[in-house]
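Below: the structure, in structure tokens.
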Amino acid sequence: MSTEIKHETWSSRWIFILAATGSAVGLGNIWRFPYVTGENGGGAFVLVYLLCVLLVGLPVMICEVMLGKHGRASPINAMKNLAIGAKLSEKWGMVGLLGIVAGFLILSFYSVIAGWSLAYTFYFVTGTMETMGPQSAEAFFNKLTESATSMLVWHSIFLVITCYMVGRGLKRGLEMAVKSLMPILFLMLFGLVCYSAVVGNFGDAIVYLFRPNFSALTGESILIALGQAFFSLSLGMGSLMIYGAYLPKQTPIIRTSAMIGIADTLVALSAGLAIFPIVFAYGLEAGQGPGLVFVTLTVAFGAMPFGQILGTLFFVLLSIAAWTSAISLLEPIVAWMLEGGRLTRVKATVIGGAGAWLLGVFSLLSFNIWGDITIFSKNFFEISEFLSTSIMLPLGGLLIVLFSGWRLKSDTALEWLGIEAKEWKLRAKVLILLVKVVAPLGVAAVLVNSSGLDRIGLKIFSLIF
Ligand code: PHE
């Protein structure tokens with residue numbers, strides 16, 4: 001069968017942890033988490049987010065890595081093979097297809113934002129960023145997004161370096177990047193939190209992030225929190241499935257997943273703690289949207305001693321974090337094309353990259369010339385972001401837990417997870433409860449609510465009775 005093609009294997013479990021953390025930690029934590037938190041009113045949103053990570057995200061992650069490790073192929077073929085092995089319908093391969101489409105869509109706008117990070121690196125290196133107050137930082141950011149040409153250049157550069165890495169194969173380069181650079185990013189982020197604590201309005205930020213104000217919470221923001229958990233943990237679209245497929249046999253999946261989840265959450269919270277004290281100290285707008293991190297950090301670095309060097313370093317690291325995530329967005333589709341047997345890795349990468357580039361161009365134009373073209377008052381970028389993150393990822397995750405929890409035999413699943421005998425009894429029960437009941441119900445409820453199906457259902461119900 002064509003799916004028999006041999007994929008690489010990670011050199012060790014640690015490399016997998018680093019690569020998966022590299023996939024998880026990215027713009028989702030540092031760019032997206034603070035800004036969606038700001039748009040959704042703070043504390044209550046953060047609480048819902050943390051619950052989503054714990055009760056839904058982690059179970060989905062465990063299942064996804066498990067399916068990849070045993071399917072040993074791209075998401076589409078892994079799901080197909082596992083389903084056939086368990087005497088189920090081949091149609092389960094569609095879960096992989098949904099993931100691949102979602103990944104493609106995410107990569108397209110992800111690369112646009114990563115392009116901003118590259119642009120900021122360049123501005124800091126060349127000293128364009130002298131000390132700036134909030135207004136000029138905002139104006140500076142707007143100047144970048146208003147220029148379709150500059151964004152096009154940076155978006156293209158970012159996709160080229162992503163394709164370069166994926167084209168070479170995962171082990172060379174990616175392993176190196178995550179091994180040495182991720183820890184430096186963590187350290188810098190920690191340093192930034194300390195800086196913000198001293199210089200910024202730390203008290204207000206803590207209250208904002210951790211004191212829940214439930215009146216600010218809407219149905220849509222719950223869906224956004226769930227989507228953010230999936231986005232940040234790289235779930236629901238096959239990234240961790242394909243990374244799991246490259247795992248050596250003896251890897252403890254649960255402990256490994258927990259480590260990735262914890263690292264990712266700590267980075268997101270640190271980003272919040274670095275950004276919001278500055279936002280409040282300078283009277284910036286917490287709900288200003290995608291520009292939040294760029295504007296805030298420009299102000300912060302501008303006012304700091306050695307700001308130019310530190311700013312450069314920070315945006316270099318952010319670009320690298322985005323790069324290791326983007327690689328994991330492109331890999332599933334490339335692995336799938338490779339399994340077709342007709343393309344070389346390089347060709348598959350070029351095709352995947354070119355497609356994402358084109359869609360990305362539509363996204364970047366919606367920040368300027370196409371800004372007014374909207375459907376349901378969302379522009380192309382916002383539609384791609386909402387559709388992929390808030391609908392497709394949770395839907396993919398739902399199907400993954402349903403497959404693992406209800407279609408696979410519990411014994412098989414537990415054996416695949418390496419759970420044996422007595423010591424695990426309680427933990428196995430908790431896990432089964434989460435995978436079978438809590439996670440699917442949670443995702444389904446949020447999806448139904450957000451799509452308006454519940455209101456339609458109620459209407460029909462009231463019409464009939
Ligand atoms: N988790 C990545 C981030 O936080 C984005 C991503 C989403 C990567 C889905 C892979 C799959 O930036």
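Whatever order the structure lists ligands and atoms in, that order sets their numbers, starting from 1. Here the structure is a predicted model, which means the values were calculated and not measured. Numbers here simply count residues along the sequence, with the first being 1.
Between Leu27 and ligand 1, an N or O atom pair is found at a separation short of 3.5 Å. Residue-to-ligand polar distances place Asn29 within reach of ligand 1: an N/O pair is separated by less than 3.5 Å. Checked by distance only, ligand 1 and Leu393 stay at 3.5 Å or farther apart across all their nitrogen or oxygen atoms.
At least one heavy atom of Tyr110 sits under 4.0 Å from some atom of ligand 1.
At the top of the distance list for atom 8 (C) of ligand 1, counting protein heavy atoms only, stands Ser234 OG, 3.3 Å. Of all protein heavy atoms, the one lying nearest to atom 5 (C) of ligand 1 is Phe231 O, 3.6 Å.
Ligand 1 places these atoms under 4.0 Å from at least one heavy atom of Met237: 9 (C), 11 (C). The Gly28 neighbourhood of ligand 1 comprises atoms 3 (C), 4 (O), 12 (O), with distances under 4.0 Å to a heavy atom of that residue. Each of the atoms 3 (C), 4 (O), 12 (O) of ligand 1 lies under 4.0 Å from some heavy atom of Gly26. The contact set between ligand 1 and Ser232, taken as ligand atoms under 4.0 Å from a residue heavy atom, comprises 1 (N), 4 (O).
By the neighbour-count criterion of 12 heavy atoms within 6.0 Å, atom CZ of Arg407 is sparsely surrounded, having that number or fewer from other residues, nucleotides or ligands.
Checking side-chain atoms of Glu382 against main-chain N and O of Asn379 turns up a donor-acceptor pair under 3.5 Å.
Only the side chain of Ser328 comes within 4.0 Å of ligand 1, judged by heavy-atom distances. Neither the backbone nor the side chain of Arg32 comes within contact range of ligand 1; no heavy atom lies under 4.0 Å. With a 4.0 Å heavy-atom cut-off, ligand 1 is reached by no atom of Phe230.
Judged purely by distance below 3.5 Å, without hydrogens or angles, the side chains of Trp357 and Ser156 pair a donor atom with an acceptor atom. Using a 3.5 Å distance cut-off with no hydrogens or angles, the side chains of Ser234 and Ser23 do pair a donor with an acceptor. Between Ser328 and Ser325, the side chains place no donor N or O within less than 3.5 Å of an acceptor N or O (distance only, hydrogens not considered).
Phe403 places none of its side-chain heavy atoms less than 4.5 Å from the side chain of Leu399.
Tyr49 and Phe45 have parallel rings, their planes meeting at less than 30° on a 0 to 90° scale where 60° marks the start of perpendicular.
Phe33 approaches Leu269 most closely through the heavy-atom pair CZ-CD2, 4.1 Å.
With atom 4 (O) of ligand 1 as the reference point, the heavy atom nearest to it among Ala24, Ser325, Ser23 is part of Ala24.
Here the options are Phe122, Tyr123, Trp116, Phe315, the test is ring-ring contact (aromatic ring centres under 6.0 Å, His included), and the partner is Trp154; only Phe122 passes.
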